[in-house]
Engineer: 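Below you will find the structure I want to go over with you.
Below, chain A is the first sequence line, B the second, and so on; all start at residue 1.
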Amino acid sequence: MSIVKNIENQIKELIEKAVFRAKETGLLLFSALPDYVLEVPREKVHGDFATNIAMLMAKEAKMAPRKIAEIIVSNFEKEGTWIEKIEIAGPGFINFYLDHSWVYEVLPLVLEQGDDYGRSEFGAGKKVQVEFVSANPSGVLHMGNARGAALGDSLASVLDAAGYDVTREFYINDAGNQIEKFAKSLEARYLQLLGDDVPFPEDGYHGQDIIDTMKALIDRQGDKYKAMDGELRREFLVKYALEEKITNIRKTLEDFGVYYDVWFSEQTLHDSGEVAEVISELKKDGHIYEKEGALWFNTTQFGDEKDEVVVRSNGVPTYFAADIAYHKNKFKRGFEQVINIWGADHHGHVARMKGAIKALGYDPEQLTVILMQLVRLFRGGEILRMSKRTGTYVTLNELMEEVGRDAARYFFVMRSPDSQMDFDLDLAKSQSTDNPVFYVQYAHARICSILRQAEEMGYSLPNLSQDDFRILTDPSEIMLIRKIVDLPDEIVSAAKNLAPHRMTGFAHDLASLFHVFYTNCRVLTAEPEMRNARLLLTKATGICIKNVLKLIGVSAPERM
RNA sequence: GCGCCCAUAGCUCAGCUGGAUAGAGUGACAGACUUCGAAUCUGGAGGUCGCAGGUUCGAAUCCUGCUGGGCGCGCCA
C-alpha cells in the first residue's frame, strides 16, 4: 500500500462514516453510496485532496450539493488524522487540507529501498506477455520498429515494476510468402554475384543488405550452392541469411537496450503441427467452411467485417492461421494477459484475432492490442517514404548513430502510441541539446555532483528519521517530496492504462521540481541539520530519477 | 462506400475511470551567475479544446451528425 493510497483510504473511510452517521440521524436520505472519487485537485488552493460525493448525492437526497457537503463536514471526525482543515467549495466539492508532515514518511523509505523504490505488488504476480517489434526478419529494423521497441520495452518495464510477471517476446515470421520472396531474392543476388545473368524478382527485396549478405556467404563458402537444385539451394540460402538477419536484429535491439525473454519462431508452429491442429479444432466446432477450394474462418460471427482465409486453395495455411495457433500457444503457456504492439496498418486484424480467441474458448479481453501510429520521417524538409522492398529506409542503427540511444528512446516513449509522429532527423540532430531527455539527465548529473562534493568535504550521510526531515519546510522542498511520494502510484497508473509515456512526464516534473529546489535552497552550505536533511532529499531525488529513467530505458549519467 | 485512429497555444504534445480558472515543452519577449553544474531558474504574453447539436449539477473527456488528416478493407504479412 502506497503512502498516498493509505491516506486516501483513511479519508474515504471517514467520509463514509460521516455520511452514514448523517443518515442515521435523518439528516441525509440515500439508499446506496454513490461511486464517488477522492482525488488530488489540480489547483493547489483546492487542498491536498477533494471529493465530489456531495454533488453525486444531490439527486437522490433531493438537496443542494453544498447543503449535503455541510452535513457531511459537520459529521466528519478529523481528530487523529493529518487533516488540518476542511472546506466546501465551488458547486459542492469538499476539500481537505492536510498538515504537510505526512509526506516526510517517504524519505526514509526511498533511501532504504533504493533501486526498488517505486515498485509495488499491484499486479500480484499476474502473468503478462508483451509481444513487440516482431519485425519481418528478412530485413533490418527501421523507425517504426524503433518506436515499437521503445514503447514495448518500457511498457514491459512499467508492468514489471507494478508487480506483474512480465515476459518480453519477439515473434519471428520465418515462414510463409514473405520468406518465399526473400528466398528468391537471395537466390537471384547469389547467382548474379557469381556472374549469372538471372533476372531479379519484380516483387523481391531490393535492399543492399541482401547483396552484402550473399557477398559474405560467397567469401566464406564460395560457389558451393550454385550447382544445387533450386529448391534445396533456396532453403540453404534462407537458413543462412535468416540466421544472420536475426542475429543482427537481436544485436541492434540490445544496443537499443531491449532484451527479450523469448524469441518465438513461426516455423515451429508449422513443424509441431499446432497450426494444423488449431485448424481442425476450429473446423470441428463449425467455424470453418470451404469455398472455391480454400478454407475460410467465419470471423464475421465474431464481429469482423468479412470472413478470412486460413488455408489457401493450394493447401498452404495463411499467416492468420499461424497467428491463431500462436495465440493459442500463448494462452497454453499460462499468460493471463497478452499484449501485442502492432502498427496502425494492422488494425484490421484486431477484430478477427479477438474472434479467433473467442472461438477457441478464451476471453477476447485477455488480448490487448496497442496500435501505434506509424512514424513519418523527415529529412531536409521532405517526407521519406520507408519501404524495405525499395530499400529506402532509415535504420534503427542509423538513428542511434545520429541522435543517440537515450534521446531516441525518450522521444519515442514521450508520445502516446496513438499520436502520429513526425520525426525530423535534421531537427533531432541540431536540437540534441534541447531534447527533454537532457533536462532530466542534467538534474541527475547535478545531484551526483552535489553528493560528490559532499563526500569530498567529508560530510557523511546520516540515517535520518521521518521527524528529522520536518526541518524541510520550503515550498520547493515540500513539492519535491510530494512528487517523490507519487512515484509508486504513478507507475501503477501507467501500468493500468498501458501508458508508459506517463513516465516521461513524471521524469520531467521531478527534474523540474529538483531544479527549483536547487535554485531556492542551498544544500552544502546550510547548517549541519539542514544540510543533512537536504543532502538526503537530494539523494532520494536522484534515486527516483534513476529509477524512472530505467523504466524508459534511458541512462542516468553521473557527469555530462 | 464501410471500419479504426487523430484534431487542444505560432510549433510539438499532456490532460488518469466526466470535475473547480484547460497544462508543459519549444519559439519570441523581459529578468537572474562573488555562492553546491546557467544544459538552470523567474516573469508576463499566447486558446471559439476542428464545427454543430445532445446527455447533466458539471464535457477537451461520453453520444449523434458534419468537416479535415492518417491508416485499413488481398487465397499478402
Side-chain angles (χ1 to χ4, degrees), chain A residues 35 37 39-43 45-46 50-52 54-56 58-59 64-66 89-93 95 134 136 173 175-179 181 203 266 291-296 304-306 308-320 322-323 343-351 371-374 376 414-422 424 427 431 433-436 438-439 441-443 445-454 457 489-490 493-494 496-497 499 501-502 504-505 508-509 511-512 514-516 518-526 531 534-535 538 559-560:
Chain A
D35 193 16
V37 292
E39 60 181 2
V40 178
R42 193 175 47 230
E43 298 290 328
V45 294
H46 295 133
T51 182
N52 62 349
M55 275 129 43
L56 295 176
K59 194 172 252 176
R66 288 191 69 107
F93 288 99
N95 297 335
S134 298
N136 183 345
N173 303 131
N177 270 357
Q178 230 169 219
I179 293 299
K181 266 195 264 177
D203 56 351
E266 177 185 351
K291 192 177 89 180
E292 292 162 9
L295 292 183
W296 296 72
D304 197 8
E305 291 171 43
K306 52 196 250 334
E308 204 63 30
V309 171
V310 282
V311 180
R312 302 184 188 93
S313 50
N314 64 8
V316 180
T318 60
Y319 171 86
F320 180 47
D323 224 12
D345 53 341
H346 286 62
H347 79 254
H349 302 248
V350 177
L371 293 171
M372 61 174 191
Q373 298 297 314
L374 302 182
R376 282 202 308 177
M414 193 165 61
R415 286 159 170 75
S416 90
D418 48 31
S419 77
Q420 286 165 210
M421 260 185 89
D422 288 346
D424 188 329
L427 201 70
Q431 285 200 337
T433 54
D434 293 333
N435 194 301
F438 290 97
Y439 180 83
Q441 289 181 317
Y442 180 65
R446 225 179 196 182
I447 286 166
C448 291
S449 167
I450 294 170
L451 295 175
R452 216 159 35 228
Q453 288 173 67
M457 291 171 173
D489 294 305
E490 197 66 28
S493 176
K496 262 201 269 192
N497 294 289
H501 68 275
R502 291 202 190 181
T504 55
H508 187 274
D509 288 351
S512 171
F514 178 76
H515 287 312
V516 175
Y518 175 90
T519 306
N520 293 345
C521 305
R522 305 265 91 192
V523 177
L524 295 173
T525 53
R531 185 183 67 218
R534 285 180 176 164
L535 271 172
T538 300
R559 288 191 170 86
M560 296 173 69

Engineer: Among rA77(B), rA20(B), rC75(B), which is the nearest nucleotide to the side chain of H349(A)?
Structural biologist: rA77(B)
Engineer: Do the side-chain N or O atoms of R312(A) get closer than 4.0 angstrom to the phosphate oxygens (OP1, OP2) of rC76(B)?
Structural biologist: yes
Engineer: Round to a whole Å and report the spacing from CD of Q420(A) to P of rC6(B).
Structural biologist: 10 Å
Engineer: Heavy atoms under 4.0 Å, any strand shown: does E308(A) hit a base, just sugar-phosphate, or nothing?
Structural biologist: nothing
Engineer: Rounded to whole angstrom, note down the P distance from rA30(B) over to rG37(B).
Structural biologist: 29 Å
Engineer: Over all strands shown, is N52(A) touching base, sugar-phosphate only, or nothing at heavy-atom distances under 4.0 angstrom?
Structural biologist: base
Engineer: Hey, is the side chain of K496(A) poking within less than 4.0 Å of OP1 or OP2 on rC16(B), counting only N and O atoms?
Structural biologist: no
Engineer: With syn defined as a glycosidic torsion within 90 degrees of 0 and anti otherwise, which applies to rC33(B)?
Structural biologist: syn
Engineer: With stacking defined as ring centroids separated by under 5.5 Å and planes differing by under 30°, is H46(A) stacked against rA20(B)?
Structural biologist: yes
Engineer: What is the distance, rounded to the nearest whole Å, between atom CE of M421(A) and atom P of rU12(B)?
Structural biologist: 13 Å
Engineer: Categorize M414(A) for me: base, sugar-phosphate, or nothing, with a 4.0 angstrom heavy-atom threshold over every strand shown.
Structural biologist: nothing
Engineer: Using a heavy-atom cut-off of 4.0 Å across all strands, would you classify H347(A) as base, sugar-phosphate, or nothing?
Structural biologist: base
Engineer: I'd like to know if the side chain of D323(A) and the backbone of Y319(A) have a donor-acceptor N/O pair within less than 3.5 Å.
Structural biologist: no
Engineer: Looking only at atom P, what distance separates rU17(B) and rC6(B), rounded to whole Å?
Structural biologist: 13 Å
Engineer: Quick check on rC41(B): is either OP1 or OP2 less than 4.0 Å from any side-chain nitrogen or oxygen of T519(A)?
Structural biologist: no
Engineer: Looking only at atom P, what distance separates rA59(B) and rU21(B), rounded to whole Å?
Structural biologist: 10 Å
Engineer: Taking only the C1' atom of each, what is the distance from rU8(B) to rC49(B) in whole angstrom?
Structural biologist: 4 Å
Engineer: With centres under 5.5 Å and planes under 30° as the test, does F93(A) stack with rA20(B)?
Structural biologist: yes
Engineer: Return the value, rounded to whole Å, for the distance between atom CG of L371(A) and atom P of rG3(B).
Structural biologist: 17 Å
Engineer: A445(A) near the nucleic acid: base, sugar-phosphate alone, or nothing, with a heavy-atom cut-off under 4.0 Å?
Structural biologist: base
Engineer: Expressed in whole Å, how much space separates the P atoms belonging to rA7(B) and rG70(B)?
Structural biologist: 15 Å
Engineer: Among rC75(B), rU56(B), rG37(B), which nucleotide sits nearest the side chain of K59(A)?
Structural biologist: rU56(B)
Engineer: Between E305(A) (CD) and rC2(B) (P), how many Å, whole number?
Structural biologist: 12 Å
Engineer: In the structure I gave you, are the side-chain heavy atoms of H515(A) and R446(A) within less than 4.5 Å of one another anywhere?
Structural biologist: yes
Engineer: Taking the minimum atom-to-atom distance to the side chain of N497(A), which one of rU17(B), rU40(B), rC4(B) wins?
Structural biologist: rU17(B)
Engineer: When rounded to the nearest Å, what value does the distance between C1' atoms of rA9(B) and rG27(B) take?
Structural biologist: 12 Å
Engineer: So which nucleotide from rU42(B), rA14(B), rG72(B) ends up closest to the side chain of V516(A)?
Structural biologist: rU42(B)
Engineer: Pick the C1' atom in rG19(B) and in rA60(B), then give their distance to the nearest Å.
Structural biologist: 12 Å
Engineer: Would you kindly check whether a donor in the side chain of N95(A) faces an acceptor in the base of rA20(B), or vice versa, at under 3.5 angstrom?
Structural biologist: yes
Engineer: Before giving the answer on side-chain contact (heavy atoms from CB on, under 4.5 Å), spell out for E266(A) and I179(A) the whole-Å C-alpha distance, their side-chain angles and the decisive distance to 0.1 Å.
Structural biologist: CA-CA 11 Å; E266(A) 177 185 351; I179(A) 293 299; over 6 Å; no
Engineer: Under a 3.5 Å cut-off for both contacts, is rG72(B) paired Watson-Crick or G-U wobble with anything, and if yes, with which nucleotide?
Structural biologist: rC2(B)
Engineer: Across all strands shown, which nucleotide pairs with rU56(B) by Watson-Crick or G-U wobble geometry, both distances under 3.5 Å?
Structural biologist: none
